[in-house]
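All remarks here apply to the structure that follows.
Throughout, numbering of the chain's residues begins at 1 and tracks the sequence.
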Amino acid sequence: MEQAAKRNDLIEEEFENSPVPPQNRKSLFSVTMVWVGFPMIITSAVTGATLVQGLGFGRGLAAMILGNLLLFAYVGLLSALGAKNGLNFAMLASRTFGKRGYMFPSGLLSTLVIGWFAVQTGLTGTTLAGTFPVNPTVIAIVAGVLYLLLTLIGIRALSFIGILSAPLFVILGLYVAIEAVGSGQAIWSYQGNPEIALSFGVAVTLVFALFVDSGTLTADFTRWAKNRGHATFATFSAFPVANLVAMLIGGIIAASSSGTGDLFGAIAAKGGWLSAVAILFLFVNLGSVCSHCLYNAAVGWSSIVKGNMRVLAVILGIVGIVLAALGVWNYFIDWLNLLGVIVPPIGTIMIVDHYVTRRNDATADDQMRAKPFIAWLLGSTAALIANSYFPDVSTAVIGIVVSAFAYWLISLNESTVTTADLTAKSDV
């Protein structure tokens, strides 16, 4: 009986198909740790290094700050919506896109994060094999199984991995960055590498797109917050704080030593006991992002098929592990570009719908609402055109602005009718 009780304490109800009740909400610290450990990863450091090499340190830092502030505004507004009534992304999307219409954006995003799971799982094997004589495919499979088992514990595991991963990253990241600064290179005056130059707009898109998928799905995490203030604070801990710290460390390494921001490689190269620390760091760090992505995918698909989160996690985890073993992670940059175009309009339309056009209408009676799909198409099309013909601008920003304006414009009549109806009801 005692063992069964402990197991039940560990494996708790995930409320994948219903709102999280107030009595089951988590503390501010717990929800913050869910988000803070997510972006403070090797991938963010490598992205920071890429920005600094492509723009120079000053402009690279500016792109990091702007991109993270955009993420905070975008993810923060969606986070508060999740905490308001304890609803996950799929439940929020059903109000905007319809009872059946939500399956399209929810299915898309829940599938894309499986790609991220595969990317980071494959990266675990390839990164370890680059320093030690191991088979990358075998390591990717082993890592994927470990990450899957972690995800099965649920939201509690995401908080725990954040508590472990974030401090470890800060300690090792500062160690590598301080050592790189000691080389004597002037960081602020670093002008970048002209062979890999980036436009400022593309750099901002890279920052924004790095977490726009799970950022759009943030309600899966912040529905556990006690209130909207806690959800917003948890988001701020991730963007700009955690993500900016990780990118800045990578940028400092690039500016001072022309490094790639690969903390694992820098630590593992020291040899001795630091090699063991590097291996632990790699699995914990990438395990954090993989478990978060798999959790998003499992919650999303369980809402669509009305299934159990843990059953879906096993099925989707196996799919992700197979994709990782096949080398999908090699398409990393292409994945970022894709996300930067098609995902931001989804969250933007939901924000405009919940906060502006239909903020007083809490029902989701329609099976399929055409207006958000039209705005989504217009926003993504504008972003694609900008990506092809105006490469110096941020496709993410273009997609956000166009989709927001388009949805607001085509919903004006609906907003007027809703307000009039509410007034008439109050008069009665």
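Between Phe38 and His292, the two ring planes are parallel [angle under 30°; tilted spans 30° to 60°].
Using a 4.5 Å heavy-atom cutoff, the side chains of Phe405 and Val352 are not in contact. Within the 4.5 Å cutoff, side-chain heavy atoms of Gln120 are placed close to those of Trp116. Side-chain contact between Tyr74 and Val212 is present, with heavy atoms from C-beta onward closer than 4.5 Å. At a threshold of 4.5 Å between non-hydrogen side-chain atoms, the residues Met247 and Asn68 count as touching. Residues Pro19 and Asn85 have side chains not in contact (no heavy-atom distance under 4.5 Å, counting atoms from C-beta outward). Using a 4.5 Å heavy-atom threshold, the side chains of Pro345 and Ile400 count as separate. The shortest side-chain heavy-atom distance between Ser275 and Phe132 falls under the 4.5 Å cut-off.
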Go through Trp301 and Thr111 one step at a time and tell me if the side chain to side chain contact (heavy atoms under 4.5 Å, CB included) criterion holds. CA-CA 8 Å; Trp301 275 109; Thr111 302; 3.4 Å; yes

When you look at Ser237 and Thr32, which way does the side-chain hydrogen bond (donor to acceptor under 3.5 Å, both in side chains) test go after all the steps? CA-CA 7 Å; Ser237 74; Thr32 298; 4.9 Å; no

So Phe89 and Arg223, side chain to side chain contact (heavy atoms under 4.5 Å, CB included) or not? Walk me through it. CA-CA 9 Å; Phe89 170 82; Arg223 64 197 170 111; over 6 Å; no

Could you go through Thr43 and Val119, starting from their C-alpha distance and side-chain angles, then the distance that decides it, and tell me whether this counts as side chain to side chain contact (heavy atoms under 4.5 Å, CB included)? CA-CA 11 Å; Thr43 311; Val119 165; over 6 Å; no

List the steps and the verdict of side chain to side chain contact (heavy atoms under 4.5 Å, CB included) for Asn296 and Asp213. CA-CA 10 Å; Asn296 280 142; Asp213 198 348; over 6 Å; no

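Of the options Val34, Val284, Ile153, a side chain to side chain contact (heavy atoms under 4.5 Å, CB included) to Ile161 is made by Val284 and by none of the others. Just one residue in the list Val36, Asn285, Val170 forms a side chain to side chain contact (heavy atoms under 4.5 Å, CB included) with Ser165, and that residue is Asn285. A ring-ring contact (aromatic ring centres under 6.0 Å, His included) with Phe239 is found for one member of Phe72, Trp35, Phe233 and no other, namely Trp35. Checking each of Thr222, Thr218, Leu92 against Leu81 for a side chain to side chain contact (heavy atoms under 4.5 Å, CB included) leaves exactly one that passes, namely Leu92.
In this structure, CG on Leu78 lies 6.0 Å from CE on Met350, to the nearest 0.5 angstrom. Within the model, atoms CZ of Phe15 and CG of Asn24 stand 3.5 Å from one another, a figure rounded to the nearest 0.5 Å. From Leu69, atom CG reaches atom CZ of Phe236 across 8.5 Å, with rounding to the nearest 0.5 Å. Atoms CG and OG1, from Leu77 and Thr232 in turn, are 8.0 Å apart once rounded to the nearest 0.5 Å. If you take OH on Tyr389 and CG on Leu384, they are separated by 11.0 Å, rounding to the nearest 0.5 Å. Between atom CD1 of residue Ile253 and atom CG of residue Leu263 there is a gap of 5.0 Å, rounded to the nearest 0.5 Å.
A pairwise comparison of heavy atoms in Gly251 and Val52 identifies CA-CG2, 3.5 Å as the closest pair. Summarising the geometry of Ala386 relative to Thr395, their closest heavy-atom pair is C-CG2, 4.3 Å, with the distance given to 0.1 Å.
Taking the centre of each ring, Phe281 and Phe264 stay at or above the 6.0 Å mark.
One side chain, Thr124 or Tyr147, offers a donor N or O that lies under 3.5 Å from an acceptor on the other.
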